[in-house]
K.L.:
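Dropping the structure in here first, questions after.
Residue numbers begin at 1 in each chain, while the letters A, B, ... track the order of the sequences.
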Amino acid sequence: MASERYNPREAEARWQRVWDENRVFETANDDPRPKYYVLEMFPYPSGKIHIGHGRNYVMGDVVARYKRARGHNVLHPMGWDAFGLPAENAAIEKKVHPKEWTYENIATMKEQLKLLGLSIDWTRELATCDPEYYSRQQKLFVDFLAAGLVERKTSLVNWDPVDQTVLANEQVIDGCGWRSGAPVEKRELSQWFFRITDYAQDLLDAIDTLDDWPDKVRLMQQRWIGRSEGVRFSFEIEDGDGARQAEPLTVYTTRQDTIFGASFCAVSPDHPLAKRLAQDDAGLEAFRRECAALGTSEEAIERAEKKGYDTGLFAVHPFRPDVRLPVYVANFVLMGYGEGAIFGCPAHDQRDLDFARKYGLPVIPVVAPVDADPSAFEIADEAFVEKDGQAVRMINSAFLDGMSVADAKEEVASRFEAAGTGARKVNFRLRDWGISRQRYWGCPIPVIHCDTCGIVAVPEANLPVLLPDDATFDRPGNPLDHHPTWKHVDCPKCGAAARRETDTMDTFVDSSWYFARFCSPRDRDVVDRAAVDDWLPVDQYIGGVEHAVLHLLYSRFFLRAMKKTGYTGLEEPFRGLFTQGMITHETYRTENGQWLFPEEVERRDDGTVVSRETGRPVVVGQPEKMSKSKKNVVSPEAIVETYGVDAARWFMLSDTPPERDSEWTESGVEGAWRLIQRLWRLVSQVVEIAPPAATARPERIGPAAEGLRRTTHRALDAVSRDIEQLRFNRAIAHIYEVVNAVTSLLNEKGNGEVAPDLAWALREAAETIVRLSGPMVPHLAEECWKVLGHEGLLADAPWPVVEPALLVEATITLPVQVNGKRRDELVIARDADQSAIEEAALGLAGVQRALGDKPVRKIIVVPQRIVNVVV
RNA sequence: GCGGACGUGGCGGAACUGGUAGACGCAAGGGACUUAAAAUCCCUCGGGGGUAACCCCAUGCGGGUUCGAGUCCCGCCGUCCGCACCA
């Protein structure tokens, strides 16, 4: 049997059955071992998966299996992010009910995922569209509402005209809906909001504690929250005749130091002042409409001129009552940030400068380099903004003259505060999270609108608010709103006829706490607090970088909100985060532009690529992210059928660092397949010559055996560290090193006898190889483990222990340089002292040659590292 | 425009906190085994020079710091990603 080929088709299914039947991967909450929570971002059940979806699950699985072997109680669950628009689109296009469509997809994908041989505790599986799950979410919502974490407010929202729903700012990409791609319109609607901005400072500060997150993601979150320090202050307003207006104009600035350079004020087209003035000013009203029609896309903004409409009003300069600044309505001022009103200082802001040039407004420099002549310092086409570290001072600024920018900011802020016309103010870019969606396939918002009682939360006893199954999808808009009876209910407070809220929650809400539900997935309450506090934070979270802002920020907010409502004592959900790269594949198109699947093309020996069907040449495109639309996908079934899933897993983990994109190639999988067979042969051969596992270590270990043991233990040490740091490609390289060492020893001995010490070392090496590759190729490793004579499962076996003595060599090889160029190497005792090393180094032939007759000036010895002779 | 990452053989990529550049894999070429093929095993594999021992050049480009730079600093060039008028 041992000499036969390894048959993954048979073995993989068999081991998966064994793991299942023995419930190897089921996790108990009361297990005394230290906990470890590994989680991959759960999938949206869109249909079928391709191999590109598998990478992050496989990476998580390696970590999970490794941590199990290291003696942890590992939680590694899987669920489905199952609410969302595609189900509704399918309902419209294919006339299937979203529920049916979703659950069918879940069944298909679960089957496919199981092929990957993941060590998942399927007893904890959950789907967010299941009332079991969303009923708890409704309870959370009601609690959040009571705790003041939710509010209803009217606001300008992003309206997706195609999907007919509201989008969060985060869901607007380049001014278009993230799903539909249609240009987004502004509408004023009454919406439900989570008050994430209450936590802006906290969410920002705590980023510093997330040491195990990629810097990139931390930076993106910091920028998204966007804290800025400045001053909020008011201008008195006069009309053209000098008559003082009742309402002052409040603006926000971070550059109060440049106040003496102010030459105009501008308000947003949506500012109350602009609206009021527009009532009596047709020209302004037209300007406002023009601004609203202008897209918010990148392109539109690039193209858009800085345009303003002169209101005829003037703002009185706070420190120079004789100076009056014209007030404009300007298209570049955003209502959503600060006060929706600014003062413009053209000399030191490019945008203000463009505006000033267009409308002929003064440009007064107030900040200049210290070495510039203040009277001659002028601004041409570019606003002056000091570079990092550049020494500048205030000019043309009365009491600020000569000050640094920082001091001037302080001074102006203090004067506003003393005068009572302004105050220091911290602003954030982060907005509250609008969660209302005018959609059917989502979690119903558990609220009732009553004409007398106003907004009434659905009482706990009446939860869940279930989605009606009999919705129709034959017209645009919200099916819940169209439903003949669903929304008509009695007010829980007064009993009068009332209306249900027909909006459902943004699906990002669903994914903001699923990791907490996994800790006690069948609990009757929202969560079992003890379980959550034990399991969280997730020790290693793995997913795509596309969720760097939204999902992760929302989840961080949610755990804080759950703390406030008593569901946990924790604030941060994810201790370690890893963002993995995508799997790419070449694309293939026929001459007339039709995409072809990889299996529909053939690479001929002469390098040309042709269609299998027609024999016509095919255009090969650059590797791109696998996507159904471009057909550059490989199905897990096909891979499992030909190579087995272990080969696919090995290939996904080798070569490319996990955070980078990795190209899927046929030759790569074949290479992995060869390794699988090679490991199998290696183990089979070792079993024939080496003693059984339990044999005691021989008294004498000769040099060959000793050398192999060093290689083995070095690899063991390196692979352990590599997996801890998710450097799977390097772990695999280190495994190859032992495999190569064993192979060459086996080849050397041929059919000859093997000395007992070497045989023993060979077995140790083989066992180690199997144990180290177990997390990556678990099925093969189980099979080898059995062949090696072990009774139990490898999945339950502990990680081997490094013998530290084997990591330290008695003699070391030091490279010896002359003037920084390597000329020879020195084999010397590890503990040789400085002078012995110097003497030996100078005696080397290569060093002598390089030195010639030049005198030695200095010898640098870096212990254990290198010797450099300087002449 | 702002912010970030990256740039090493034919390819994917190694090189710990500055210390032998190219580990490991893929591809390619040569050889062994075989009637033949597949599989497997062995050898070569950054460029140039030399019979050879060896020598020179080389980590996008140009400078710098250092005994020593792929790694640190300054300035360019290029690729990729994120943000988008944030006052």
K.L.:
Closest approach to the side chain of P815(A), judged atom by atom: which nucleotide of U20(B), G25(B), A87(B) is it?
P.N.:
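It is U20(B).
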
K.L.:
So does Y337(A) get a side-chain nitrogen or oxygen closer than 4.0 Å to the phosphate oxygens (OP1/OP2) of A87(B)?
P.N.:
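Indeed, a polar side-chain atom of Y337(A) lies that close.
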
K.L.:
Can you tell me, in whole Å, how much space there is between the P of U66(B) and that of C81(B)?
P.N.:
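Nearest-Å result for U66(B) against C81(B) at atom P: 40 Å.
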
K.L.:
Of all the choices, U20(B), A14(B), C26(B), which nucleotide is nearest to the side chain of N729(A) once you look at every atom?
P.N.:
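Nearest to the side chain of N729(A) among the choices is A14(B).
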
K.L.:
Flag the pair E659(A) and K216(A) as a salt bridge only when some basic side-chain nitrogen lies within less than 4.0 angstrom of an acidic carboxylate oxygen.
P.N.:
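No, no charged N to carboxylate O under 4.0 Å.
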
K.L.:
Scan every strand shown for a Watson-Crick or G-U wobble partner of C11(B), both distances under 3.5 Å, and answer none if you come up empty.
P.N.:
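Pair assignment: C11(B) / G25(B).
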
K.L.:
Is the glycosidic angle of G50(B) within 90° of 0, making it syn, or outside that range, making it anti?
P.N.:
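With its glycosidic angle more than 90° from zero, G50(B) counts as anti.
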
K.L.:
Tell me which nucleotide among A21(B), C24(B), C85(B) gets nearest to the side chain of E737(A).
P.N.:
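In terms of side-chain proximity for E737(A), the closest of A21(B), C24(B), C85(B) is C24(B).
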
K.L.:
Mind checking L219(A) for me? I need base, sugar-phosphate or nothing, with any heavy atom below 4.0 Å counting as a touch.
P.N.:
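Since only primed, P, OP1 and OP2 atoms lie under 4.0 Å of L219(A), the category is sugar-phosphate.
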
K.L.:
Are any protein N/O atoms closer than 3.5 Å to N/O atoms in nucleotides 42-48 of chain B? If there are, list each pair with its distance.
P.N.:
{"residue": "C42(B)", "atom": "OP1", "partner": "N747(A)", "partner atom": "ND2", "Å": "3.4"}

K.L.:
Could you tell me if S654(A) and N729(A) have a donor-acceptor pair between their side chains, going purely by distance under 3.5 Å?
P.N.:
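No, no side-chain donor-acceptor pair sits under 3.5 Å.
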
K.L.:
Tell which nucleotide pairs with U51(B), taking only Watson-Crick or G-U wobble pairs whose two distances are both under 3.5 angstrom.
P.N.:
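Across any shown strand, U51(B) pairs with none.
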
K.L.:
Looking only at the side chain of T656(A) (C-beta and beyond, no hydrogens), which of the listed nucleotides A21(B), G12(B), C86(B) gets closest?
P.N.:
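So the side chain of T656(A) is nearest to G12(B).
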
K.L.:
Using atom P in both nucleotides, what's the gap between C55(B) and G7(B) to the nearest angstrom?
P.N.:
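C55(B) and G7(B) have their P atoms separated by 30 Å.
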
K.L.:
Rounding to an integer number of angstrom, what distance separates U71(B) and G18(B) when you compare their C1' atoms?
P.N.:
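Per the computed distance, 6 Å lies between those C1' atoms.
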
K.L.:
For the C1' atoms, the ones on C54(B) and on C61(B), what distance do you get once it is rounded to whole angstrom?
P.N.:
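Going atom to atom, C1' in each nucleotide, I get 31 Å.
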
K.L.:
Among A39(B), A87(B), G19(B), find the nucleotide with the atom closest to the side chain of R5(A).
P.N.:
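Selected nucleotide (nearest to the side chain): A39(B).
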
K.L.:
With no hydrogens and no angle check, just 3.5 Å: does a side-chain donor-acceptor pair link T421(A) and S234(A)?
P.N.:
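The answer is no; no qualifying pair exists.
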
K.L.:
Rounded to whole angstroms, how far apart are CZ on R429(A) and C1' on G3(B)?
P.N.:
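Result: 11 Å.
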
K.L.:
Could you let me know what C2(B) is paired to, Watson-Crick or G-U wobble, both distances under 3.5 Å, or none if it's on its own?
P.N.:
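When the pairing criteria are applied, G82(B) turns out to be the nucleotide that pairs with C2(B).
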
K.L.:
Would you call the rings of H551(A) and H547(A) parallel, tilted or perpendicular if under 30° counts as parallel and over 60° as perpendicular?
P.N.:
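H551(A) vs H547(A) ring planes: perpendicular.
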
K.L.:
Where the side chain of V862(A) is concerned, which of C2(B), G13(B), G19(B) is the nearest nucleotide?
P.N.:
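For V862(A), the side-chain atoms sit closest to G19(B).
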
K.L.:
Would you mind telling me which of L746(A), L762(A), T743(A) makes a side-chain contact (heavy atoms from CB on, under 4.5 Å) with Q685(A)?
P.N.:
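For Q685(A), the side-chain contact (heavy atoms from CB on, under 4.5 Å) check succeeds only for L746(A).
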
K.L.:
Expressed in whole Å, how much space separates the C1' atoms belonging to C11(B) and C45(B)?
P.N.:
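13 Å, rounded to whole Å.
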
K.L.:
Where do W650(A) and Y736(A) come nearest, in terms of heavy atoms and distance?
P.N.:
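Closest approach of W650(A) to Y736(A): NE1-OH, 3.5 Å.
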
K.L.:
Check nucleotides 50-60 of chain B against the protein and report each pair of N or O atoms closer than 3.5 Å, with its distance, or say if there are none.
P.N.:
{"residue": "C55(B)", "atom": "OP1", "partner": "R823(A)", "partner atom": "NH1", "Å": "3.2"}
{"residue": "C56(B)", "atom": "OP1", "partner": "R823(A)", "partner atom": "NH2", "Å": "3.1"}
{"residue": "C56(B)", "atom": "OP2", "partner": "R823(A)", "partner atom": "NH1", "Å": "3.1"}
{"residue": "C57(B)", "atom": "OP2", "partner": "K821(A)", "partner atom": "NZ", "Å": "3.3"}

K.L.:
For a quick test of reading the model, state the closest non-hydrogen atom pair linking P269(A) to V329(A) and the distance between them.
P.N.:
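Heavy atoms of P269(A) and V329(A) come nearest at CA-CG1, 3.7 Å.
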
K.L.:
Would one find more than 12 heavy atoms of other residues, nucleotides or ligands at under 6.0 Å from atom CZ of R232(A)?
P.N.:
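Counting other residues, nucleotides and ligands, CZ of R232(A) stays at 12 neighbours or fewer.
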
K.L.:
Which pairs with one or both residues in residues 858-871 of chain A pass salt bridge (Lys or Arg N to Asp or Glu O under 4.0 Å), sequence neighbours excluded?
P.N.:
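Counting only pairs at least two positions apart or across chains, no salt bridge (Lys or Arg N to Asp or Glu O under 4.0 Å) contact touches residues 858-871 of chain A.
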
K.L.:
Indicate whether OP1 or OP2 belonging to U20(B) is found under 4.0 Å from a side-chain N or O atom of R865(A).
P.N.:
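No, outside the criterion.
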
K.L.:
Roughly how far apart, to the nearest Å, are U44(B) and U59(B) at atom C1'?
P.N.:
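Those two atoms are separated by 23 Å.
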
K.L.:
Would you indicate, yes or no, if G13(B) has its OP1 or OP2 atom less than 4.0 angstrom from a side-chain nitrogen or oxygen of R660(A)?
P.N.:
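Result: yes.
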
K.L.:
Can you figure out which of C24(B), G3(B), C86(B) approaches the side chain of N740(A) most closely?
P.N.:
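Side chain of N740(A) sits closest to C24(B).
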
K.L.:
In Watson-Crick or G-U wobble terms, both distances under 3.5 Å, what is the partner of C67(B)?
P.N.:
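Paired with G19(B).
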
K.L.:
Got S662(A) and R55(A) here, is their nearest side-chain heavy-atom distance under 4.5 Å?
P.N.:
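Yes. Closest side-chain heavy atoms under 4.5 Å.
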
K.L.:
The side chain of T253(A) lies closest to which of these nucleotides: G12(B), C24(B), A87(B)?
P.N.:
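Selected nucleotide: A87(B).
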
K.L.:
Is the shortest heavy-atom distance from the side chain of Q350(A) to the side chain of E382(A) under 4.5 Å?
P.N.:
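Yes, close enough: below the 4.5 Å cut-off.
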
K.L.:
When you measure from the side-chain N and O atoms of N868(A) to the phosphate of U20(B), is any distance below 4.0 Å, counting only OP1 and OP2?
P.N.:
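No, because none of the side-chain N or O atoms of N868(A) sits under 4.0 Å from OP1 or OP2 of U20(B).
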
K.L.:
What integer number of Å spans the P atoms of G3(B) and C74(B)?
P.N.:
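My reading of the P atoms in G3(B) and C74(B) gives 14 Å.
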
K.L.:
If we take the C1' atom in both A28(B) and G46(B), what is their distance in whole Å?
P.N.:
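Here A28(B) and G46(B) have their C1' atoms 15 Å from each other.
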
K.L.:
Counting only side-chain heavy atoms from C-beta out, which of C81(B), A14(B), A84(B) sits nearest to K216(A)?
P.N.:
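Nearest nucleotide to the side chain: C81(B).
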
K.L.:
So, is S228(A) close to the A87(B) phosphate, meaning a side-chain N or O under 4.0 Å from OP1 or OP2?
P.N.:
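True: S228(A) side-chain N/O within range (under 4.0 Å) of A87(B) OP1/OP2.
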
K.L.:
Does V545(A) or T254(A) map to a spot on RNA chain B nearer the 5' end, using the closest nucleotide for each?
P.N.:
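Nearer the 5' end of the strand: V545(A).
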
K.L.:
Start at the 5' end of RNA chain B and walk down; is the nucleotide closest to R351(A) or to I732(A) reached first?
P.N.:
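First, find each residue's nearest nucleotide; the 5'-ward one identifies I732(A).
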
K.L.:
Without decimals, in angstroms, what is the distance between H348(A) NE2 and G1(B) P?
P.N.:
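It works out to 21 Å between those atoms.
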
K.L.:
Among C24(B), G4(B), G12(B), which nucleotide has an atom closest to any side-chain atom of Y736(A)?
P.N.:
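The answer is C24(B).
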
K.L.:
Is there side-chain contact between F332(A) and F355(A), with at least one heavy-atom pair below 4.5 Å?
P.N.:
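When only atoms from C-beta onward are counted, F355(A) and F332(A) do touch, with a gap below 4.5 Å.
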
